[in-house]
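Here's the structure we're looking at; comments come further down.
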Amino acid sequence: MTAVVRPVAGSEALRDRTTRSTTGSRDATSGRPALGAMGALSTFGFFVALLAMASLHSVLVNGQFEFDSLQDRLEYGQQRSQVLREEVARLESPSRILSAATGRLGMTPPPNRLYLPAVVPGDPLHPLPAPSENPFSLQVR
Amino acid sequence: MVVGFIFLVLSGLLGWRLVELQIMEPDRYLERGLAQRIRTVTLPAARGAIVDRNGVDLALSVPRLSVVANPGMVDDPAGAAIALAGVLGTDIGVLEERLSRQRSFVYLDRQVDSEVADNAMALDLSGVYTRPENARLRPGDGSGLALLGRTDIDSNGISGLELVYDNLLSGTNGEMIVEAGLGGSTIPGGEYRVEPAEQGLSLVLTIDRALQFEAERLLADGVEAAGGKGGVLVAMSPTTGEVLASATVERGDDGVVRPSTEHKVATWTFEPGSIMKPLTMSAVLETGTAAPDTVREVPGNVFVHDADFKDSFPHGTEEWSVADILRQSSNVGTILWAQDLGEEALYRQLLDYGLGAVTDLRFPGEARGILTPVGRWSGTSLPTIAIGQGVSATPIQMLTAFATLANDGRRPAPTLVRGSLDDGGVFTPIQAAEQIEVVPSGIARSVVSMMEAVVSDGTGKRGQVPGYRVAGKTGTAWKPLAEGGYGEDKGEIRYVASFAGFLPAEAPELVILVVVDEPARRAYSGGRAAAPIFSDYAQFAVRQLRMPSEFERTGLDQFGRVMATTPARASELQAAEEAALSGTG
């Protein structure tokens, strides 16, 4: 009976040893995957960072391109505005109007001039009559 | 072994070169790199515009392209010249000579229209390209050219107001430093510095474009009708001294009367003749020598020193008041009163009116006229100067003298510029010079009243303006000859006809001077040659300036009345209201 008991005790000691040895082997083997994961994570992070930087750079380049393009448009707009301003001033200049009136439209200065007194809407001394329905037609009764 | 040695030497050399590049002189290559990438771009400051009192453009800078070339890169100068000549409208020989020069840059044609530039570029010639520039344009063609002046091709003012206000109009160029890559695109995050250009300010004139154009047109027609050699018309606001129109015309070699390139309003002098008489009479009244209704005997002629002075019309001895003398423009009556007045008093009065001195216009080449100091007067100086001979003045001086009478005796400083306008539209007015009291307001009003009779019932009837009371004076002066004298001995007298007046006489808002140089003998008097031009012009001007007529003035102060106005006047009223509000607040 005694002989039966020993292996039990021995088995516990063995189990302890086995456990210790198993534990020691698990410590050694479980460190490697952690490092690998960290390495992979770092690599992934590095590439993500690279990608982010590339994206950022792309955004920056895009922004700069847009900025340059806007500046070009602004410059063109300013130049165009000056050209149009000159054209407006030329078109409304009295010399051009006179030339168009006497030339293209065949107008001639009247022999006599009659100046009507200036009447301004809202002037209580010279109230304006209400316009007729069609001020450009004449009704003959 | 040998190969190893060679390899070692090469490695050593390479190493040494690396040390040299990286440690010993790193800046050299950095600088070369930067020089390739850094671009410095000049930001040209646009020349400011010149606008009229209502903000209408009279002169402005517009971007244009110049066709330029690098002759070194032109393969076939002769062929290129032939091709370009048709597009640019320039002589083939001239273009070939320019394209054959030993230089890296030549202008082929400057500031051309965009179509011309496009056509030139469409030829696709090597070494020929375009370059942006600013061209100075005047949209109103030649109107006001003498006044506005010119710029050279590089937009530097060389005459007129372009020259006087060149610093104000020019501005300062800016600079942009930018780091650019291949193809000229900006490197993001690279060097980027901008010093913006300070744009030239816009000059706001006192001139009204419509009044200026009509002044030139009516004056040219009037001078043509009078058979004159040239003429001047200048209009001013008597209360502010602002010149509203300033026209000069002259008959060209082809016999056509057209606007002159010389601003004779300020640079030309003439003997004013009878338009001097109101000034003489104001001195007579101011010194108490006489009153407007003081009567004296006026004979048909008066002998002074060694000269016999007569009136332009024969008459016996008449009993005329001072007002009558002015109304009929009597030389004899004016001389008699001037003798009572005395040399010193007359001289002082004319100086006070601004004769013999340049005005505040600051116009290039402005003349001061001739008013000889009283110590050097001869025996006939007093009578001749009293009637406007033997003294010379510029049109602007005479106009200012009349503006003084219209402005209750206070002499305004004539001005052509109201102020400046910056990029943001902020207006900065130019400080007006102080007005000088020449005669008391009561005396000025008496003279105005006498001048009103000149137009209503005297020599200036043709200067009447329907609906308005006008005060004015005609002038018919002998013109001095270059060789001396007036040519009366040979019967070759030449005249200068003039009319100076203002309206409405009861509260003058506009003073106008018209001078016709050498009118034909059929209508040489101021009343016939100049007064009709005054009348035509004034009829237009009162409408353009929205000046109410006598009829429209009824109830002008009534609450709620609405009057037509101009943009310039509206801003003046607004400024006055704001000043009044800030004063009360």
Side-chain angles (χ1 to χ4, degrees), chain A residues 53-72 74-102 108-128, chain B residues 43 46 49 51 56-64 114 132 134-135 137-143 176 178 180-181 184-190 192 194 209-214 216-217 221 466-467 536 539-540 542-543 546-549 551-552 554-556 558-565:
Chain A
M53 274 176 66
S55 306
L56 200 69
H57 191 256
S58 164
V59 168
L60 205 65
V61 169
N62 208 30
Q64 183 67 51
F65 180 76
E66 208 166 308
F67 180 73
D68 286 353
S69 160
L70 278 174
Q71 261 195 334
D72 287 348
L74 177 71
E75 198 175 325
Y76 174 77
Q78 282 171 339
Q79 291 183 353
R80 183 86 187 119
S81 148
Q82 279 297 97
V83 170
L84 291 175
R85 186 175 159 184
E86 189 270 334
E87 199 174 333
V88 168
R90 188 177 53 77
L91 288 173
E92 66 176 15
S93 74
S95 57
R96 196 202 70 86
I97 292 169
L98 182 71
S99 149
T102 55
T108 52
N112 294 307
R113 279 167 292 176
L114 173 67
Y115 289 106
L116 301 173
V119 179
V120 181
D123 185 352
L125 273 194
H126 304 289
L128 279 177
Chain B
L43 303 173
V51 300
V56 177
D57 288 316
L58 300 176
L60 74 165
S61 294
V62 176
R64 284 281 169 92
S114 55
N134 276 318
L137 302 179
R138 285 178 298 276
D141 296 329
S143 182
M176 180 170 74
V178 62
S185 55
T186 311
I187 296 173
Y192 187 83
V194 177
R209 180 183 62 173
L211 286 180
Q212 177 67 26
F213 177 79
E214 201 62 2
E216 287 165 356
R217 195 179 72 82
D221 288 353
D536 281 349
Q539 287 181 54
F540 173 81
V542 292
R543 266 110 198 151
R546 314 293 195 270
M547 280 168 50
S549 65
F551 163 74
E552 289 163 338
T554 316
L556 194 62
Q558 185 179 321
F559 180 76
R561 282 220 63 189
V562 183
M563 298 301 293
T565 189

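Residue numbering restarts at 1 for every chain, and letters A, B, ... go by the order of the sequence lines. Note that the coordinates shown come from a computational prediction; the quantities given were computed from them, not determined experimentally.
For E87(A), no part sits under 4.5 Å from any heavy atom of chain B, backbone or side chain. Using a 4.5 Å cut-off between heavy atoms, F65(A) does not touch chain B at all. In this structure, chain B has no heavy atom under 4.5 Å from any part of L91(A). If you measure heavy-atom distances from R217(B) to chain A, the contacts under 4.5 Å come from the side chain alone. For V51(B), the part lying near chain A is the side chain, with the backbone staying farther off; criterion is any non-hydrogen pair under 4.5 Å.
A side-chain donor-acceptor contact under 3.5 Å links T102(A) to the backbone of L98(A). In terms of modelled atom types and a separation under 3.5 Å, the side chain of R546(B) and the main chain of V542(B) share no donor-acceptor contact.
Of the options E216(B), R138(B), Q212(B), E214(B), a side-chain hydrogen bond (donor to acceptor under 3.5 Å, both in side chains) to S143(B) is made by E216(B) and by none of the others. The only option from D68(A), L60(A), V61(A) that meets the side chain to side chain contact (heavy atoms under 4.5 Å, CB included) definition with Q64(A) turns out to be D68(A).
The most heavy-atom pairs under 4.5 Å with chain A, out of P63(B), G467(B), A210(B), come from P63(B). For the options R90(A), R85(A), Q82(A), heavy-atom pairs under 4.5 Å to chain B are most numerous at R85(A).
Residues G140(B) and S95(A) come closest through the heavy atom pair O-OG, 4.0 Å. Across all their heavy atoms, L60(B) and P139(B) have their closest contact at CD2-CG, 3.6 Å.
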